[in-house]
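Input: a single structure, listed below in structure tokens.
Every value quoted in this text rests on a predicted model; they were computed, and no experiment measured them.
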Amino acid sequence: MYDLNPKQKEALNYSEGPMLVFAGAGSGKTRLIAHKFIHLTKVKKLSHDSIFTVTFTNKAADEMKERISRLIEKDINGAWIGTFHSQCSRILRKEIKVLGYNNNFTIYDEDDQYNLVRHILKEFKIYEALYKGIVTRISFLKSSLISPQDFLSTGDGFGFDEKLAKVYVRYQDELKRCNALDFDDLIMLTVKLFKEYRDILEMYQNKFQYILVDEFQDTNFAQYHLLKLLASGHKNICVVGDDDQSIYKFRGANINNIYNFEKDFTGTKIIKLEQNYRCTQHILDVSGAVISRNSKRKNKNLWTEKGRGEKVQFCWFNTYEDEAKYIARVIKEYYLKGTNSYRDFAVFYRVNLQARVLEDALRDNGIPYRIVGGISFYQRKEIKDIIAFMRLALNHGDNVSFRRIINIPHRGIGSATISKIEHEARKKSLSLFDALKLSLKGESFAPAVKEKLTEFVNMIDTFSATKYKSAGDMLEHIYEITGLSEFFEEERKNNIEDLISSSNNKDIKDFIDRISLITNMDEPCNTDCVSLMTLHNAKGLEFPVVFITGLEEGVLPYCKALNNEEEIAEERRLFYVGMTRAKDILWLTGARKRKLYAKLQEQEPSRFLKDVPKECCKWMEKISFNHPIQISTIKQKIKIAENFTIYTTGCRVKHPSWGIGVVRDCYGDGDDAKVMVNFPNIGIKRLAVRFANLEKI
DNA sequence: AAAACTCCTCTTTTT
DNA sequence: GAGGAGTTTT
């Protein structure tokens, strides 16, 4: 009834006890989860809010909710479908008081973490530029559930980082003082809550009769621990993932979670979904051959009913500019041929700086494009500024926001005044805001400064006291009163106005939570354009035609990820994720010379190309852009393909004597390229491109 | 408080 | 080679 394949059905029907689903790329795992949710409610009669469903991103959660409610034609408001972070914040908003926080806590994002750590480093007189590394390390500790106290107590060993420990202790203290939680706290404190308050844990264990986890390969230690706590009673947990698509190790994702699952949950049912609904067999063969070189992985054998499809194209250029120009021309050719619209194409790259040259090339060819990912809306300075007013009004303890806006817009409050307030706050153990308020009663400030400060305090108090109808109302009020509406230049003002209109008639607390947890606002692309993105951003997407660029040593794999086998394995997975996004046609490209940062470098072809089975590929090398010369590469002689004329199945050609026909198949490389063309009235002809004098139309 | 200057960094990134 | 941040100069 659900139109699922046998393996998917098996996974659907197994609903007592732990299950691990290895879901290969394109094997319909999101579909499985949606159906499983419905199955649990319909057949097992579970209520919508008794299934704890975790997705990797908020976007995925929204899509999941939408998908489910469309399938059952019912609203599922109140269902527990979300990311680990949003689920945890929902729990903590209810329960956190027992841990000594107030439940109107503020959620700090990475930027706030940076600010706080920098502030602490300044105070400790530690070299401030270390802040990024320190935030990363603190985050790693927290996602391993190592509290400052734990870290200190392990600290007598060799190589212990005294400074880090000191900063970590202080950082965690400051967060609490601010009544703020960072992303890792959301998980760590929920675990703490469940460990220390068994009755609360039991309540949630009973509440959540079933646990569904998507993208399990990207969970970290703390998240997995949380799942184990929640599932330890009934053990009704189904995790779905693909170890080959684990690409977030640098963010704490622990691929071992997926390998340990069956040890941690005895009697785990394991199901492999190996039927792929996306790619052609050629693409599966190539990507499969590459990924099979990783040693530590569950073996899979992906297959498809789609047929072999076109061969994978590999193209090696003289320079990175040639690479970009060629890609633009190829896209244009496909487009003009009429087989594809622009939205069918995606170009992937390892690092963002590769986008620039691609953009130029596309623009020169008049090809519309969009960049997926990139700087997120909510990270913009002006957005963070106005939100800081909102946060401080709702949580007077939020020192990070206080420091951010005390002199925005400029009201003549300099570092001397701020240190006075900091000092006072420390002395009286108050928040900066409350310390300031108290100081204003005394005579510690010059009259002019005092006036400005009083104005500031009154303003924030007004925002706190006013009962707003919606987040939009509040922001609009702030926007006017603060003078931000005059402070920023045009573009920033527009962004703020966009924010205000998007927050109209939204509940203030929901809105704050949402923007704290949602970091990007990628609206769906309505116009017909080519998508450019990093390989990381490509995860979960699919396109008919995919280009993966920069297949060079130092780019893919990236030069900073060559330190050990593990890192290279992750780069290989990244490449794998990219390849398996392609439905029909996959192009792999690279260039001999590439400009990275300021210097032009000589590049070698990527080591991953050695694993690509030759028979699945068309290889060509274009050393000189318009005058190809023969040269050998990748351990074999490669003939150069005809100059920019690409024949693909489905394209129409004109032959001097047989007229117009449709290409049915193409094979062979360079001078040996042959095509099979179906000419109406004449029939199918096999032709060598070199001799046939074909004209593409 | 703006302008001019130097220094630094520059993987990937969602929450 | 560019953007950001911090510092010094005006």
Side-chain angles (χ1 to χ4, degrees), chain A residues 54-61 82-90 92 107-115 118 121-122 127-133 135-136 139 142-143 181-188 190 214-215 218-220 222-223 226 246-253 348-357 372-381 407-415 487 513-522 533-540 550 554-563 567 570-571 573-575 577-578 595-600:
Chain A
V54 189
T55 58
F56 184 62
T57 62
N58 287 297
K59 194 172 147 223
T83 61
F84 275 102
H85 296 87
S86 62
Q87 309 270 47
C88 286
S89 96
R90 190 167 164 191
L92 290 173
I107 297 170
Y108 277 2
D109 66 14
E110 195 176 40
D111 195 55
D112 302 317
Q113 294 185 60
Y114 285 156
N115 288 332
R118 292 178 78 159
L121 293 180
K122 227 181 258 172
Y127 182 47
E128 212 184 314
L130 296 173
Y131 71 95
K132 275 193 178 173
V135 167
T136 308
S139 167
K142 288 190 178 187
S143 64
L181 272 62
D182 67 18
F183 289 138
D184 298 302
D185 280 339
L186 291 170
I187 317 293
M188 186 169 80
T190 308
D214 196 6
E215 308 278 14
D218 285 315
T219 52
N220 64 32
Q223 291 165 339
L226 179 75
S246 167
I247 54 173
Y248 283 104
K249 185 170 191 280
F250 69 94
R251 240 171 53 196
F348 301 154
Y349 37 84
R350 173 70 238 260
V351 287
N352 283 310
L353 62 90
Q354 289 172 260
R356 173 70 68 78
V357 63
V372 179
I375 341 107
S376 86
F377 183 75
Y378 295 108
Q379 234 114 302
R380 286 163 209 232
K381 189 186 171 311
N407 201 30
I408 286 188
H410 306 304
R411 46 176 79 85
I413 292 161
S415 51
F487 180 60
D513 263 12
R514 208 174 155 73
I515 55 168
S516 307
L517 292 172
I518 289 197
T519 35
N520 56 8
M521 194 172 68
D522 49 354
M533 70 192 87
T534 62
L535 285 161
H536 283 91
N537 271 319
K539 187 165 142 175
V555 177
L556 186 62
Y558 193 69
C559 52
K560 294 197 177 161
L562 300 172
N563 303 312
E567 284 187 350
E570 180 131 330
E571 295 292 304
R573 290 193 289 268
L574 202 46
F575 182 32
V577 167
K595 205 168 181 181
L596 290 165
Y597 304 114
K599 49 190 183 294
L600 195 65

Legend entry - Verify stack between A/Phe250 ring and B/dT12 base, 5.5 Å, 30 degrees: yes

Inset, instruction - Return no unless some side-chain N or O of A/Asn537 is found under 4.0 Å from OP1 or OP2 of B/dT14. - result: yes

Inset, instruction - Report yes if a side-chain nitrogen or oxygen of A/Asn58 is closer than 4.0 Å to either non-bridging phosphate oxygen (OP1 or OP2) of B/dT15; otherwise report no. - result: yes

Using atom [atom1] of [X] as one end and atom [atom2] of [N] as the other, report the distance to the nearest whole Å.
X	N	atom1	atom2	value
A/Glu215	B/dT13	CD	P	16 Å
A/Met533	B/dT12	CE	P	15 Å
A/Gln354	B/dT12	CD	C1'	11 Å
A/Tyr127	C/dG6	OH	C1'	11 Å
A/Glu570	B/dT13	CD	C1'	12 Å
A/Ile515	B/dT14	CD1	C1'	16 Å
A/Tyr558	B/dT13	OH	C1'	14 Å
A/Lys560	B/dC10	NZ	P	6 Å

Inset, instruction - Mind telling me whether A/His536 and A/Phe250 have parallel, tilted or perpendicular rings, with 30° and 60° as the class edges? - result: perpendicular

Inset, instruction - Could you say whether A/Ala129 or A/Ile413 is positioned toward the 5' end of DNA chain B, judged by the nucleotide with the nearest heavy atom to each? - result: A/Ile413

Given [options], which nucleotide is nearest the side-chain atoms of [X]?
X	options	value
A/Thr534	B/dT15, B/dT11, B/dT13	B/dT13
A/Thr83	B/dT15, B/dT11, B/dT13	B/dT15
A/Thr57	B/dT14, B/dT11, B/dT13	B/dT14
A/Arg251	B/dT14, B/dT15, B/dT12	B/dT14
A/Tyr597	C/dG1, B/dT12, B/dT15	C/dG1

Got a second to check how far [X]'s [atom1] is from [Y]'s [atom2], nearest 0.5 Å?
X	Y	atom1	atom2	answer
A/Leu574	A/Ser246	CG	OG	10.5 Å
A/Asn220	A/Met188	CG	CE	11.5 Å
A/Glu215	A/Thr83	CD	OG1	13.0 Å

Is [X] reaching over with its side chain to a backbone N or O of [Y], donor-acceptor style, under 3.5 angstrom?
X	Y	answer
A/Gln354	A/Val351	yes
A/Gln113	A/Tyr108	no
A/Asn115	A/Asp112	no
A/Asn407	A/Ile413	yes

Inset, instruction - Name the orientation of the base relative to the sugar in B/dT11: syn if the glycosidic angle is within 90° of 0, else anti. - result: syn

Within the structure shown, what part of the strands sits under 4.0 Å from [X] by heavy-atom distance: base, sugar-phosphate, or nothing?
X	result
A/Asn352	sugar-phosphate
A/Gln223	nothing
A/Phe84	nothing

Inset, instruction - Kindly determine whether A/Val135 and A/Lys132 satisfy side-chain contact (heavy atoms from CB on, under 4.5 Å), including the steps that lead there. - result: CA-CA 5 Å; A/Val135 167; A/Lys132 275 193 178 173; 5.9 Å; no

Inset, instruction - Establish, yes or no, whether the cationic atom of A/Lys539 lies under 6.0 Å from the six-membered ring centre of A/Phe56 and within 45° of the ring axis. - result: yes

Inset, instruction - Dot-bracket notation for DNA chain B is requested: 5' to 3', Watson-Crick or G-U wobble pairs only, both distances under 3.5 Å, with ( ), [ ], | and . as defined. - result: ||||||||||.....

Would you tabulate the pairs of protein nitrogen or oxygen atoms and nucleotide nitrogen or oxygen atoms of nucleotides 2-5 of chain C closer than 3.5 angstrom?
unit_1 : atom_1 : unit_2   : atom_2 : d
C/dA5  : O3'    : A/Arg118 : NH2    : 3.1

Legend entry - Closest non-hydrogen atom pair between A/Cys88 and A/Leu226, with its separation: SG-CD2, 3.6 Å

